[in-house]
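A quick note: this is a predicted structure, and the numbers were derived from the prediction, not measured.
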Protein chains: 2
Amino acid sequence: MLTRTTLRKTPTGEDLARDAQFGSRLAANPLKGSIELMGAPMRFARNEEIYGESEPADYIYKLVGGTVRTYRVLSDGRRQIGAFYLPGDMFGLECGAEHSFSAEAITNATVLVIKRSAVTALASHDVSVAQQLLAMTAQELARMQVHLMLLIKTAQERVADFLLEMAERADGHNEVDLPMSRQDIADYLGLTIETISRTLTQLESSAAIALPTSRRIVLRNRAALRQLNS
Amino acid sequence: MLTRTTLRKTPTGEDLARDAQFGSRLAANPLKGSIELMGAPMRFARNEEIYGESEPADYIYKLVGGTVRTYRVLSDGRRQIGAFYLPGDMFGLECGAEHSFSAEAITNATVLVIKRSAVTALASHDVSVAQQLLAMTAQELARMQVHLMLLIKTAQERVADFLLEMAERADGHNEVDLPMSRQDIADYLGLTIETISRTLTQLESSAAIALPTSRRIVLRNRAALRQLNS
DNA sequence: CGACCATTTGATATGGATCAAGCGATGTGG
DNA sequence: CCACATCGCTTGATCCATATCAAATGGTCG
C-alpha cells in the first residue's frame, strides 16, 4: 500500500524555509529548556518511516516542522492511525520498552530526536523534568480518550469532530489545510475513504463547510458542526 | 438507567471475607511500598459511584477487592466504558486536573483512596515514586491503545479479544466468571447487548467456548479465539 | 499530452442496530 | 411456599448506516 523508503540518518538541507514558519510554536512547549537542547535535528521525507512498531523505544521526538502520523496495522492490513502530530508536538511516548505504534512523516518533516535515556537521567535529577514527562504522557492519554469516544459516534459526528479538532490545532482560524489524505483521515476515524468523501460533500451541501480544494476546508458554520458532536 | 446511590464515606464491615481472596495480588504491584500505605480503605456498593467525570481529581485509587468500571457518556446517552479494573489495579490516573471519566463499582468493592497531592509530594523527593507514577500512566496509555485497536475490529473479534483479555487478567485459567453485565461488555466493545449475546452463542456453537451460566465462560479453544484477532 | 494517483460519485451488499417477543433466574409480598 | 413482578439475557425479524465494488472525474508531474 504505502511506499516505505529507507531511513535517512543525516539531516538534509531542503525545505528548511518552509519549516521556519512553525518556529514560533517552540516557545509554547513545556519541555522547552534542557530537554530539547539535547535533540539532534533530523529530516524525514514524505511517507518515510520515523520508527517502527516494536522497535526499541530509545528515542523520543519533537516535531519542528511538517506532519507525522502514528499507526498500527492488524495482520490483515487494517490500519488504525493513533494520532496526527503537528509542529510543537512531542511523540514517541506511547510505549513501554518498545514502540507500540509506528510513526511516519505525512509531509516532509523536521524532527528533534532525543535520547530517552538522557531524558530519564535528567528526570532523576530534575523534578520538573520528571513532571513534564508525566504531563506529556498524561496528555497523550487524554488525546487517546477523546479518540476512543470518537469511535462510537456516527460518521458525520466523527468527521465534524475531526475538522473542529484540526482547525483548533492548526491555530483556530476557519480555513484549514489538511496535510493528510482521505485514506489517513479514514484510518484515523475508523471509516472508509468513500464515507469520508461523501460525508464531506454532505457537510458542504448543508453549508457547514466549504471545499475550495479537496485538501482545503473552510468551516462555515462551527455551531452546526459542534451540534453533531453529542 | 443506572441507579446511583450516594457515596458512603466510611468503610463498612460486610463481605470482607469475600474480598480476602484477592489479597495475594497486592504483592505484585509496582507501587507497593510507600504509596499504598497512605491509602484509606473505603467500600462501595454495587453500582455506586466512586467519582464523577469532571470532579476534581484529588485522589487516585487502588482496587483491593471487587470490580470497577470507568466510563463516559455522550449527551444523548451513549456510554463508552474506558476500562474494567480488577483487584490490584490502580485507577483514577486518567486525567489532568479533573477526571475525564467516571468510575463506578460493578460489584461491591474495596478501594484504597490515596490523596494525589501526597503522591506528587512524595514523587518530588523520591525518584522511584515518580518513575512508578509515570510507568502506571504509560501502562494506562498502553491499555487504551489496545482498546482503540479493538474498536476497528468485527464483533466476533472484539468479543474473542475481550474474553481472552479477561481470562488473562482473571489469572489465566480457562474458566472465567465475568463480574459485568452484557450491557457493560457492549459499552466496552462498542456493540449492543444483542450482538454480544448472539456472538457468544455463535462462539459456543463453534465450540470455541462454553457457557455454563450467562456470567461464567469456559474457553474451550483458545487458538480459535486467537485466530479471530487479526 | 498522457499516465498516474487521489478524490468523488453511483449502485449494491451486509454486519450490526433496532424493534419486539420470549425465557429463565431472582426476589418479594401475600 | 407459591404467584407474580422484575431483571438480565437470548432469540427472531427487519432496517439502516456504512462497507464494498465499480466507474468517472480531476489534479499533478514527467
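By the side-chain contact (heavy atoms from CB on, under 4.5 Å) test, A:R215 pairs with A:D177, A:S181, A:T213, sequence neighbours left out. Applying the side-chain contact (heavy atoms from CB on, under 4.5 Å) test to A:T192 and every residue at least two apart in sequence or in another chain returns A:E194, A:T195. Remark: B:T154 engages B:E157 in a side chain to side chain donor-acceptor pair (under 3.5 Å) (not counting sequence neighbours).
Nucleotide C:dG15 holds its C1' atom 12 Å from the CD atom of B:E157, rounded to whole Å. In this entry the distance linking CD of B:Q202 with P of C:dG16 reads 9 Å, nearest Å. A straight line from CG of A:D187 to C1' of C:dA6 spans 14 Å, rounded to a whole angstrom.
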Just the atom pairs and distances: protein N or O near nucleotides 21-24 of chain C's N or O, under 3.5 Å.
none

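Judged purely by atom type and a 3.5 angstrom limit, A:D89 has no side-chain atom pairing as donor or acceptor with the backbone of A:F91. Between the side chain of A:R169 and the backbone N or O of A:F84 there is at least one donor-acceptor pair closer than 3.5 Å.
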For this session: Summarise protein proximity over nucleotides 6-21 of chain D in one line of letters, 5' to 3': B for base, S for sugar-phosphate only, - for none, counting protein heavy atoms closer than 4.0 Å.
Result: --SSBBBB----SSBB

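At a threshold of 4.5 Å between non-hydrogen side-chain atoms, the residues B:Y188 and B:L150 count as touching. Counting heavy atoms from C-beta outward, B:E53 and B:F101 have side chains that stay 4.5 Å or more apart. In this structure the side chain of A:L200 reaches within 4.5 angstrom of the side chain of A:I217, judged on heavy atoms.
Using bins of under 30°, 30° to 60° and over 60° for the plane-to-plane angle, the ring pair B:H99/B:Y61 lands in the tilted bin.
With respect to B:D161, the side chain to side chain donor-acceptor pair (under 3.5 Å) criterion is satisfied by exactly one of B:H147, B:R226, B:K153: B:K153.
Overall, the helix from C:dC1-D:dG30 to C:dG30-D:dC1 carries an axis bend of 30° between its ends, with five pairs at each end and the value rounded to 10°.
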